[in-house]
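Along the sequence shown, residues are numbered consecutively beginning with 1.
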Amino acid sequence: MKFFKPFIVFLIINFAALGIGSWLMADGPQGEWYQSLSKAPWTPDGWVFGVAWTTIMICFSMYMAFLYSIRPTSKVKLLFTIQFLLNIGWNFIFFNQRLTTLGLIAIILLTIIVAAFLLTYSKDLKVKSALILPYLIWLCIATSLNLYIVLYN
């Protein structure tokens with residue numbers, strides 16, 4: 001029970017972030033603006049994003065439930081809140097406002113926050129720290145995609 005309740009709460013919050021982010025992106029990847037951009041050759045097919053984010057949020061929710069059950073501190077809450085805001089904010093900045101450079105800054109900051117979780121709490125979570133790796137790896141890929149768009153458009 002110590003894990004289950006926070007897991008459900010983090011699942012709800014994290015999937016809400018995906019929903020809010022999708023809502024804030026306007027036409028998003030299907031829009032004419034994004035479709036007309038020169039994109040990185042390694043840009044995945046559209047369906048990959050849904051599978052990736054679903055997997056990431058399940059793993060991240062598990063990670064946060066484990067972390068919060070042993071470290072329910074204000075620092076953990078603050079890092080999570082910053083991560084939440086940057087995650088949903090990137091969609092609005094990049095897709096809705098079409099501010100690709102500002103989007104790049106936001107996604108770099110998000111990557112730093114997620115890396116900070118991994119580095120700061122790996123001693124506490126040990127092998128469970130691997131649950132945050134899909135998020136960090138995906139953010140590195142997404143950052144490279146955003147950087148490509150900034151450089152070639």
May I ask you to check whether over 12 heavy atoms, not counting those of Trp33, lie within 6.0 Å of atom CH2?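 Correct, the count exceeds 12.
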[X] side-chain N/O to [Y] backbone N/O, donor-acceptor pair under 3.5 Å:
| X | Y | result |
| --- | --- | --- |
| Gln35 | Pro29 | yes |
| Asn146 | Leu104 | yes |
| Asn153 | Ile149 | yes |
| Ser129 | Leu125 | no |

Look up atom [atom1] in [X] and atom [atom2] in [Y], then write down how far apart they are to the nearest 0.5 Å.
| X | Y | atom1 | atom2 | answer |
| --- | --- | --- | --- | --- |
| Ile113 | Leu118 | CD1 | CG | 13.0 Å |
| Asp27 | Asn96 | CG | CG | 9.0 Å |
| Thr73 | Tyr121 | OG1 | OH | 4.5 Å |
| Ile88 | Ile20 | CD1 | CD1 | 5.0 Å |
| Gln83 | Ile112 | CD | CD1 | 14.0 Å |
| Leu102 | Gln97 | CG | CD | 9.5 Å |

- Message: Here's a test for you: under side-chain contact (heavy atoms from CB on, under 4.5 Å), which of Ile105, Thr143, Leu86 qualifies with Leu110?
- Response: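 When side-chain contact (heavy atoms from CB on, under 4.5 Å) is applied between Leu110 and each of Ile105, Thr143, Leu86, only Leu86 qualifies.
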Which heavy atom of [X] sits nearest to which heavy atom of [Y], and what is that distance?
| X | Y | value |
| --- | --- | --- |
| Gly21 | Asn91 | O-CB, 3.2 Å |
| Pro44 | Trp138 | CG-CH2, 4.1 Å |
| Phe84 | Ala17 | CE1-CB, 3.4 Å |
| Ala130 | Pro134 | O-CD, 3.4 Å |
| Val76 | Arg71 | CG2-O, 3.3 Å |

Path from [X] to [Y] over hydrophobic side-chain contacts below 4.5 Å:
| X | Y | value |
| --- | --- | --- |
| Ile108 | Leu119 | no |
| Ile70 | Phe4 | yes |
| Trp42 | Trp47 | yes |

Test log, rule side chain to side chain contact (heavy atoms under 4.5 Å, CB included), inputs Leu139 and Trp90: CA-CA 12 Å; Leu139 286 173; Trp90 180 86; over 6 Å; no
> Quick one: are Phe80 and Leu67 in side-chain contact, heavy atoms under 4.5 Å?
Replying inline: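 No; the side chains remain at least 4.5 Å from each other.
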Using a 3.5 Å cut-off and no angle test, enumerate the donor-acceptor pairs between side-chain atoms of residues 52-66 and protein atoms at least two apart in sequence or in another chain.
residue	atom	partner	partner atom	Å
Thr54	OG1	Gly50	O	2.8
Thr55	OG1	Val51	O	2.9
Ser61	OG	Phe10	O	3.3
Ser61	OG	Leu11	N	3.4
Ser61	OG	Asn14	ND2	2.9
Ser61	OG	Met57	O	2.7
Tyr63	OH	Phe117	O	3.0

### Query
How far apart are the C-alpha atoms of Leu99 and Phe94, what are their side-chain angles, what is the distance that settles it, and do they pass the side chain to side chain contact (heavy atoms under 4.5 Å, CB included) test?
CA-CA 5 Å; Leu99 300 170; Phe94 184 89; over 6 Å; no
May I ask you to check if Lys39 and Tyr34 form a cation-pi contact, with NZ or CZ under 6.0 angstrom from the six-membered ring centre and within 45° of the axis?
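Yes, cation above the ring, under 6.0 Å and within 45°.
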